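Proteins come first, then strands; the chains are lettered A, B, ... in the order of their sequence lines, and each starts at number 1. The shown structure was predicted, so the numbers you read here are calculated from the model rather than taken from an experiment.
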Protein chains: 2
Amino acid sequence: MTNESIKILLVDDEPDILEFMEYNLKKEGYNVLLAKNGAEAVEIAKREIPQLIILDIMMPEMDGIEACRRIRETKELEHVLIAFLTARNEEYSQLAGFDVGADDYISKPIKPRILTSRIKALLRRTSFNQETPAVQIGNMRIDRDSYLVYKNDEPISFPRKEFELLSLLTSKPGRVFTREDILSRVWGSEIVVGDRTIDVHIRKIREKLGDDVIKTIKGIGYKFDI
Amino acid sequence: MTNESIKILLVDDEPDILEFMEYNLKKEGYNVLLAKNGAEAVEIAKREIPQLIILDIMMPEMDGIEACRRIRETKELEHVLIAFLTARNEEYSQLAGFDVGADDYISKPIKPRILTSRIKALLRRTSFNQETPAVQIGNMRIDRDSYLVYKNDEPISFPRKEFELLSLLTSKPGRVFTREDILSRVWGSEIVVGDRTIDVHIRKIREKLGDDVIKTIKGIGYKFDI
DNA sequence: GCCAATATTAACAAATTATTAAGACGCAGT
DNA sequence: ACTGCGTCTTAATAATTTGTTAATATTGGC
């Protein structure tokens, strides 16, 4: 079988990783395209319509999640396979990834054989119908598919960061997430924003859901609690 | 500070790089160990069992790959996190590094913020998902995940220092902690506060939980006892 | 009863978070 | 490319909580 006609778009800000994956996929005969950030990825994807896009989650400019959203918004790319690259054990990334319509995730460190077999399995797959179940907590429901939160069946829309922050906090109700947890999971380990940014997002969520859903543990962080 | 107990072993033959990383990690409160080649690294690692080892790939004597292999062969170090330092164009080093069991790589040039946030992300992988089980003592339960203490199922919130102090005392019920123990473990060895500060915190805890949970051993310290 | 150690209280200082508004940025539609 | 819109971030300031100290009272062992 020949893979020549199968286009795979690789997206990562680390040239080393890009090169490494490119090498291994070309060896398998795939038609490999490269992008070094989310914006470029979206652009190339629209032009080339690849079968599969492998996206690093953590990237400057536009991260993988956002890029994925943009890609999914494009009609021609609605059913393109998208796999995320994540660091080992970063379950939240996986979660967020699936939220925006990822089909699979591949965890770093990447090993050649695993990479190729994973890709083959993905390409073999015909239907993609894994709906992320909506999460129900108290009188609110968080629907990861539509990026909507319902409070008493009333839909409230959240911008991306707010949604991801709320999503993180509600992933383990009652548990305190430190500012560091929040920063690295919502913003990524390499993107550095000030601490006040978190406060502001918390405030916006509180404005929409009420002051009492998110509790402040001074000196530690925040937690979602019903 | 909580990072004090986290040992990080830095391995590089370039004294400048070593010093640079040491400076940045010490600033974060980590317990930093240094080695200038692979052989030394293996030796120190076996003795100190650090949580994380950052290895330069290119080194005289014994290179990073070989050192990594030796480290992984040691049972006690099997699950230690290992990150490689790579230069931009060492594209194959990744492959080799991951094959011998590396967890991540950090590419040069090293930027302080990226270094530290990367390290935090790495360390979180091992520590995040293991939930600290709540401790039950008598009619009270101490839940580190939610920063709450329950007395007869009734939640009582504690500010950080009080919580940490109570947490320390309850870590070994019945055992007496000297004022020195308390100071160094709750306040850290560098920050110096007066002895009365401890008394005040003890008092605040007693106000919330009742006078009898913490006993004073005059001239020695305090103990938690039901 | 004496004395050093601890308790207690309230006032002060430091640290952390809340709030608000303004600017930056990207995107969509024109 | 221009404009308008929504989102994200920051800066500045206010509000609040937490931590520390100092001063005074009390305790418990000798």
Phosphate OP1/OP2 of C:dA18 contacted by A:Thr216 side-chain N/O (<4.0 Å): yes

Run the side-chain donor-acceptor check on residues 165-172 of chain B: report pairs under 3.5 Å with partners two or more places apart or on a different chain.
from, atom 1, to, atom 2, distance (Å)
B:Ser167, OG, B:Arg144, NH1, 2.4
B:Ser167, OG, B:Arg144, NH2, 3.3
B:Thr170, OG1, B:Leu166, O, 2.7
B:Thr170, OG1, B:Ser167, O, 3.1
B:Ser171, OG, B:Leu168, O, 2.6

Under the side chain to side chain donor-acceptor pair (under 3.5 Å) test, residues paired with B:Lys208 that sit two or more places apart: B:Glu162

How many whole angstroms separate atom CZ of B:Arg206 from atom C1' of C:dA7? 8 Å

By ring-ring contact (aromatic ring centres under 6.0 Å, His included) - contacts of A:Tyr222 (at least two apart): none

How many whole angstroms separate atom CD1 of A:Ile214 from atom P of C:dT19? 12 Å

Round to the nearest Å and state the distance from B:Asp199 atom CG to C:dA4 atom P. 17 Å

Tell me every residue that passes salt bridge (Lys or Arg N to Asp or Glu O under 4.0 Å) with B:Glu48, counting only those two or more places apart in sequence or in another chain. B:Lys7

N/O-N/O pairs, protein side and nucleotides 26-30 of chain D side, under 3.5 Å:
from, atom 1, to, atom 2, distance (Å)
D:dT27, O2, B:Lys218, NZ, 2.7

Taking N or O atoms only and anything under 3.5 Å, show me the protein contacts with nucleotides 3-8 of chain D, one pair per line.
from, atom 1, to, atom 2, distance (Å)
D:dC8, OP1, A:Arg160, N, 3.3
D:dC8, OP1, A:Lys161, N, 3.0

In whole Å, what is the span from the CG atom of A:Leu165 to the C1' atom of D:dT9? 14 Å

With distance as the sole test, does B:Arg160 use its side chain to make a donor-acceptor pair with the main-chain N or O of A:Ile220 at under 3.5 Å? no

I need the CZ-C1' distance between B:Phe177 and C:dT6, as an integer number of Å. 19 Å

5′-ward residue of the pair B:Tyr222/A:Arg179 relative to DNA chain C: B:Tyr222

Sequence-distant partners of B:Lys223, salt bridge (Lys or Arg N to Asp or Glu O under 4.0 Å), two or more places apart: B:Asp225

Who pairs with A:Glu207 by salt bridge (Lys or Arg N to Asp or Glu O under 4.0 Å), at least two apart in sequence or on another chain? A:Arg203

Between A:Gly174 and B:Ser146, what is the shortest heavy-atom contact and its length? O-CB, 3.0 Å

Are B:Arg196 and D:dT20 close enough that a side-chain N or O sits under 4.0 Å from OP1 or OP2? no

Partner set under salt bridge (Lys or Arg N to Asp or Glu O under 4.0 Å) for A:Arg196, not counting sequence neighbours: A:Asp199

Measuring to OP1 and OP2 of C:dT6, would you say a side-chain N or O of B:Arg203 lies under 4.0 angstrom away? no

Rounded to whole angstroms, how far apart are CG on A:Asp195 and P on D:dA12? 16 Å

B:Ile182 CD1 to C:dA5 P, straight-line distance once rounded to whole Å: 16 Å

Send over the distance from B:Ile202 CD1 to D:dT20 C1', rounded to a whole Å. 15 Å

